[in-house]
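Step one of this worksheet: look at the structure below.
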Amino acid sequence: MKLGSSPNDSGFRLRGVGSAGGFASSSEQNVGTVVDNVVIPFGNPLNSLGDLERVEVLKGPQGTQFGKNASSGVINITTAKPRFDRVSGKAYASYGELNEVNANASVNLPLSSNAAMSVFGFYRRNDGFLENVLRDEMWGGERSYGARAKLLWEPSEDLSVYVIPVASTHRFAR
């Protein structure tokens with residue numbers, strides 16, 4: 001499994017097969033990406049994932065289960081569900097060259113013996129790597145941020161309600 005490392009090549013590859021090039025960010029990928037049973041048809045959701053439970057690599061055509069363009073396989077990502085038993089949290093921050101800032105944090109809050117919620121937020125930016133001396137600007141930078149809240153309620157042994165609203169934005173500086 002390989003992940004592209006530029007905005008125009010942000011998809012996964014399995015056994016060397018996948019989409020690459022200038023249209024990759026606006027075209028459905030040959031390797032499907034599924035997060036919490038939701039197919040992500042365009043782009044790369046990895047910046048917004050920090051509370052992973054597991055990542056499954058499903059090789060071969062997966063179109064029957066995961067959609068028409070999963071011809072090379074699927075990366076099936078499952079995030080951790082909120083827990084009823086304890087308050088917990090974690091945070092991460094880093095700073096690197098080109099003024100790269102990468103930060104994320106999550107918190108788990110039990111609401112009752114059968115309800116809990118968790119919140120995850122992230123922020124990532126860098127200034128860019130190409131200097132346009134005529135306009136006195138740096139190009140190739142990126143800014144993205146977002147949050148995801150999850151609510152898990154199990155009112156009975158036979159019923160479970162799991163809600164995951166997501167809000168995020170992604171912007172390239174140039």
Would a hydrophobic clustering, with Ile, Leu, Val, Met, Phe, Trp and Tyr connected at side-chain separations under 4.5 Å, put F122 with Y92? no
Sequence neighbours left out, what passes side chain to side chain contact (heavy atoms under 4.5 Å, CB included) with [X]? Give chain and number order.
{"X": "V119", "value": "V107, M117, A149"}
{"X": "E56", "value": "R54, L58, N76"}
{"X": "V87", "value": "L109, P110"}
{"X": "A115", "value": "L111, S112, W153"}

With sequence neighbours left out, write down each residue that passes salt bridge (Lys or Arg N to Asp or Glu O under 4.0 Å) with K81, or none if nothing qualifies. none
Does the side-chain contact (heavy atoms from CB on, under 4.5 Å) test come out yes or no for T78 and D36, once each step is laid out? CA-CA 5 Å; T78 303; D36 290 330; 4.0 Å; yes
For [X], give me all partners under side-chain hydrogen bond (donor to acceptor under 3.5 Å, both in side chains), at least two apart in sequence or on another chain.
{"X": "S106", "answer": "none"}
{"X": "D136", "answer": "none"}
{"X": "N99", "answer": "Y95, D127"}
{"X": "E100", "answer": "R124"}

Full working for side-chain contact (heavy atoms from CB on, under 4.5 Å) between N104 and F120: CA-CA 7 Å; N104 63 61; F120 173 79; 3.6 Å; yes
Looking only at the side chains, is there a donor atom on one of N108 and S118 sitting less than 3.5 Å from an acceptor on the other?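 Distance-only check fails for N108 and S118.
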Backbone of A80 reached by a side-chain donor or acceptor of K150 within 3.5 Å: yes
About how many Å separate CZ of R125 and OG of S144, when rounded to the nearest 0.5 Å? 11.5 Å
About how many Å separate OG1 of T79 and CD1 of I164, when rounded to the nearest 0.5 Å? 5.0 Å
Output, in order, the C-alpha distance, side-chain angles, deciding distance and verdict of side-chain contact (heavy atoms from CB on, under 4.5 Å) for I75 and V34. CA-CA 6 Å; I75 307 299; V34 178; over 6 Å; no
Which atom names give the shortest non-hydrogen contact between N132 and W139, and what distance separates them? ND2-CZ2, 2.9 Å
Test: salt bridge (Lys or Arg N to Asp or Glu O under 4.0 Å). Region: residues 104-115. Which pairs qualify, not counting sequence neighbours?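 Output for this query is empty, none listed.
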Would you say T33 and V39 make side-chain contact, with heavy atoms under 4.5 Å?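 When only atoms from C-beta onward are counted, V39 and T33 do not touch, as no gap falls below 4.5 Å.
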Counting only pairs under 3.5 Å, give me each side-chain donor-acceptor contact of residues 155-162, with atom names and distances, residues two or more places apart or in other chains.
residue, atom, partner, partner atom, Å
S156, OG, D158, N, 3.3
S156, OG, L159, N, 3.3

Salt-bridge contact R148-D51 (side-chain N to carboxylate O under 4.0 Å): yes
